[in-house]
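Here's the structure we're looking at; comments come further down.
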Amino acid sequence: MRDSIETVRARLAGARTVAALTGAGISAESGIPTFRGEPDSLWEDHRPEDLATPEAFRRDPALVWRWYLWRRSVVGVAKPNPGHAALARLAGRFDHFTLITQNVDGLHEKAGHPSDLVELHGSLWRTRCLGCGRRREDRRCYPEQFERFPPACDHCGGLLRPDVVWFGESLDHSRFDRAVRAAVASDLFFVIGTSGVVQPAASLAGLARENGHFVVEVNPDATPISIVADVCLRGPSGDILPQLF
Ligand code: OAD
């Protein structure tokens, strides 16, 4: 492990452009459960897969909103951990550093991440209007805090939805484009705390590798990404990342 850490440190010293892809694992040490590897988490007898869909929202927007507000209240009290802090430090050292996250928890931002942040799966802390498409930051956690519930747009009166990607939806093209450009252009590509099974995010490491870049995985467990990684650092990101940066 010591040798692998030294190898990555040396690569970092010589790199001009760096990118990282993060997943739920980086927030595990902040007390936010990951998606896979935990027993199914139930909320009022509903499974996440049954709520995070466009169909569920069409059927019962108030129910889906109450679940998202509950998630906001859980995530809202979580604090960034040493893994988030180390990445924010690293980003501050490079002119070209792109952080691509699949997480919607906002903890990279809370850790003071200074540069290019691509939220591939959106953010729990933003709404999008189904009428006019406007996106707004929204930090409310309780139905009583809204004038109308489910919430409506104060510009056009349209129904607001959480600005996250649901099962069965495609990613925002311009966000994914930025992620692809970063994977293609970065000398060094980190893949941190993701199971690597959800596409198209999982394909980014392979893309970096095909373009001749050095890929580093940080994860306590092996994943489908491990085979394309040049170095796998096995352990929690809150332990590993502060040793690198
Ligand atoms: P997963 O829950 O699939 O995977 C979490 C990964 O983090 C696993 O590989 C764990 O081994 C690893 N892990 C656990 N603890 C860790 C720690 N302390 N440090 C580092 N790694 C750790 O989460 P994602 O890969 O992020 O999509 O899931 C991808 C997407 O699937 C999510 O964004 C979500 C879900 O469907 C949407 O909601 C659109």
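Just follow the structure's listing: the first ligand is 1, and inside any ligand the first atom is 1.
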- Identify, by atom number and element, the atoms of ligand 1 in contact range of Thr194, meaning under 4.0 Å from any of its heavy atoms. 6 (C), 9 (O), 24 (P), 25 (O)
- Given Gly235, Ala222, Gly25, Ser27, which has its nearest heavy atom closest to atom 16 (C) of ligand 1? Gly25
- Query: Numbering the atoms of ligand 1 from 1, which are under 4.0 Å from a heavy atom of Gly23?
  - Reply: 26 (O)
- Message: Would you call the rings of Phe97 and Phe94 parallel, tilted or perpendicular, taking 30° and 60° as the class edges?
- Response: tilted
- Item | Any Pro220 heavy atom less than 4.0 Å to ligand 1 | yes
- Message: For ligand 1, which is the ligand I care about here, please tell me if Ser195 has any N or O atom under 3.5 Å from one of the ligand's N or O atoms.
- Response: yes
- Geometric N/O contact Ala24 with ligand 1, under 3.5 angstrom: yes
- Item | Pairing residues for Asp172 by the side-chain hydrogen bond (donor to acceptor under 3.5 Å, both in side chains) criterion, not counting sequence neighbours | Ser174
- Message: Check the orientation of Phe57 and Trp166. Use parallel for under 30°, tilted for 30 to 60°, and perpendicular for over 60°.
- Response: tilted
- Do the side-chain N and O atoms of Thr127 and Asp163 include a donor-acceptor pair separated by under 3.5 angstrom? no
- Does Glu6 come within less than 4.0 Å of Arg2, counting only side-chain N to carboxylate O? yes
- Message: Please check whether Gly193 reaches ligand 1 - meaning an N/O of the residue sits under 3.5 Å from an N/O of the ligand, judged on distance alone.
- Response: yes
- Can you tell which part of Glu29 has a heavy atom less than 4.0 Å from ligand 1: side chain, backbone, both or neither? side chain
- Item | Residues in salt bridge (Lys or Arg N to Asp or Glu O under 4.0 Å) contact with Asp60, at least two apart in sequence or another chain | none
- Task: Run the salt-bridge test on Arg16 and Asp187 with the 4.0 Å N-O cut-off and return the result as yes or no.
- Result: no
- Message: Could you tell me if Thr22 and Thr101 have a donor-acceptor pair between their side chains, going purely by distance under 3.5 Å?
- Response: yes
- Should you measure from each heavy atom of His121, which atoms of ligand 1 turn up under 4.0 Å away? 27 (O), 32 (C), 33 (O), 37 (C), 39 (C)
- Query: Looking at Pro236, which atoms of ligand 1 are within less than 4.0 Å of one of its heavy atoms?
  - Reply: 17 (C), 18 (N), 19 (N)
- Message: As a check for students: among Thr101, Asn219, Val197, Leu233, identify the option with a heavy atom nearest to atom 9 (O) of ligand 1.
- Response: Asn219
- Message: So that I can tick it off, tell me whether Asp154 and Arg136 are bridged by a salt bridge, with the cut-off set at under 4.0 angstrom between side-chain N and carboxylate O.
- Response: yes
- Query: Heavy-atom contact under 4.0 Å between Phe167 and ligand 1?
  - Reply: yes
- Query: Under a 4.0 Å heavy-atom limit, does Val198 contact ligand 1 with its side chain, its backbone, both, or neither?
  - Reply: side chain
- ligand 1 to Val165, heavy atom cutoff 4.0 Å, flagged ligand atoms 39 (C)
